[in-house]
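Structure, as structure tokens:
What's counted below: heavy atoms across the whole structure, side chains too, no hydrogens, waters or symmetry copies. Remember, it's a predicted structure, so these values are computed and weren't measured experimentally. Counting starts at 1 for both ligands and their atoms, following the listed order.
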Amino acid sequence: MLICRLSNKMSAIVDSQRKMEQKIGFVPTMGALHEGHLSLIRQSKKENDQTICSIFVNPTQFNNPSDFEKYPITIEKDIMALEEAGCDILFLPSVTEIYPSDFKKETYSLGTLETILEGKHRPGHFQGVCQVVDRLLCIISCTNLYLGRKDYQQCMVIRQLIHLRSHPVIVHTCETIREKDGLAMSSRNIRLSPAEREKAVCLVEALRLIQKNIQAGNLTSLIQEATSLLLANGLVVDYVALTNQQLEPLDHWDGHTPVVGLIAASIHDIRLIDNMIVA
Ligand code: PAF
């Protein structure tokens with residue numbers, strides 16, 4: 001696997017591969033790779049001639065400085081995992097490669113995506129995500145982009161970014177990979193103590209509770225039940241939401257519309273999110 005640290009070198013490699021009509025798959029990450037990321041690499045390998053992964057812990061998308069400082073970094077392990085998964089190129093830039101001194105900060109028009117759920121609880125987060133993904137897609141003009149569905153709202157934001165900036169790329173959102181007990185894989189899981197890890201499973205349990213009990217009609221008491229389960233396990237709940245696939249809230253269900261359940265909750269200072277199609 002080639003490791004490339006320079007933006008202009010990375011662009012030159014991609015441009016020459018595209019000139020040879022090669023299909024390029026790209027998996028952007030912040031490292032601390034787990035099976036979820038590796039499944040995206042494998043998917044990309046099946047569908048492209050070249051697979052590129054980036055590891056860059058983007059400072060501009062952390063609304064909480066201590067979350068940024070504590071973000072796990074496991075670069076040696078990540079390189080080994082990428083090599084084993086057959087990744088062709090790792091793009092490993094420094095902050096100044098991504099944000100050089102002449103970098104022009106844009107504001108992206110994201111509409112309500114920025115004011116609901118993750119947008120509401122993490123002000124500025126999605127602007128930071130757009131900033132880095134926009135820059136990465138300018139450097140790596142890939143054919144196919146692979147994202148994990150665990151970050152449901154982020155997938156929608158990145159689709160909106162791609163539309164706004166007319167990046168000629170096809171977005172693939174891939175299923176959430178879970179641990180044996182159902183906990184959604186996340187880089188932040190590394191930070192959980194064994195006791196916290198046991199409690200973390202209640203996010204997926206709350207989603208399964210909703211999936212099992214959802215009925216047409218008012219959804220408020222079901223949301224309350226799921227919230228109580230999280231609170232009983234000592235989690236601090238940012239939200240439990242039931243929405244349609246466009247993330248519009250559903251207080252009342254018609255019994256037909258597909259319903260997405262979304263949860264964000266913290267165990268001490270470790271914030272976890274999960275979602276599931278519950279109906
Ligand atoms: O989901 C992530 O890991 C990040 O938000 C992303 C898309 C790599 C941008 O930094």
Side-chain angles (χ1 to χ4, degrees), residues 7 10 25-41 43-44 51-65 67-75 77-78 81-82 87 89-99 103 105-106 108 110 113-114 117-119 121-140 142 144-165 167 169-177 184-191 262 264 270-275:
S7 302
M10 187 69 252
F26 176 40
V27 180
T29 81
M30 297 206 296
L33 303 182
H34 49 70
E35 261 313 300
H37 297 113
L38 300 176
S39 72
L40 301 180
I41 300 283
Q43 173 99 17
S44 166
T51 291
I52 304 175
C53 175
S54 66
I55 296 183
F56 178 67
V57 185
N58 173 34
T60 71
Q61 71 185 74
F62 285 85
N63 54 310
N64 173 351
D67 191 25
F68 175 56
E69 278 152 28
K70 291 182 185 163
Y71 201 82
I73 294 178
T74 59
I75 194 69
K77 207 166 147 253
D78 292 349
L82 287 173
C87 180
I89 306 176
L90 167 60
F91 181 46
L92 192 57
S94 63
V95 174
T96 47
E97 281 298 310
I98 294 295
Y99 302 122
F103 178 78
K105 195 174 158 193
E106 296 229 13
Y108 301 87
L110 301 174
L113 282 174
E114 218 177 348
L117 306 171
E118 289 302 283
H121 288 272
R122 301 186 68 187
H125 167 63
F126 285 134
Q127 287 296 326
V129 169
C130 285
Q131 220 171 57
V132 73
V133 176
D134 194 8
R135 175 86 176 112
L136 287 168
L137 290 177
C138 289
I139 299 168
I140 300 171
C142 55
N144 293 301
L145 177 71
Y146 295 86
L147 302 170
R149 205 171 294 141
K150 185 177 82 71
D151 297 299
Y152 192 98
Q153 193 172 359
Q154 174 172 276
C155 292
M156 288 182 66
V157 163
I158 293 176
R159 281 182 190 278
Q160 169 75 359
L161 160 75
I162 283 166
H163 170 75
L164 288 171
R165 301 279 286 131
H167 286 292
V169 55
I170 300 166
V171 179
H172 303 259
T173 55
C174 306
E175 69 171 297
T176 302
I177 305 296
M185 290 202 184
S186 160
S187 301
R188 288 188 171 84
N189 293 353
I190 303 178
R191 292 185 51 214
L262 303 109
I270 306 166
R271 190 172 182 278
L272 301 174
I273 58 172
D274 198 356
N275 69 81

**ligand 1-proximal atoms of Thr29, by part, heavy-atom distance under 4.0 Å** = backbone
**Message:** My understanding is that only one of Leu136, Leu92, Val133 makes a side chain to side chain contact (heavy atoms under 4.5 Å, CB included) with Ser54; could you say which?
**Reply:** Leu136
**Message:** Centroid separation under 6.0 Å, is that true for the rings of Phe62 and Tyr71?
**Reply:** yes
**Asked** Okay, side chain of Asn189, backbone of Ala184: is any donor-acceptor separation there less than 3.5 Å?
**Response** yes
**Item:** Parallel, tilted or perpendicular: ring planes of His34 versus His37, cut at 30 and 60 degrees
**Value:** tilted
**Message:** Considering non-hydrogen atoms of the protein only, which is the closest contact for atom 7 (C) of ligand 1, and what is the distance?
**Reply:** Gln154 NE2, 3.5 Å
**Request:** Check ligand 1 against Val132 and write out every atom of the ligand that is under 4.0 Å from a heavy-atom position of the residue.
**Result:** 9 (C), 10 (O)
**Request:** Name the closest protein heavy atom to atom 9 (C) of ligand 1, giving the residue it belongs to and the distance to 0.1 Å.
**Result:** Gln61 OE1, 3.3 Å
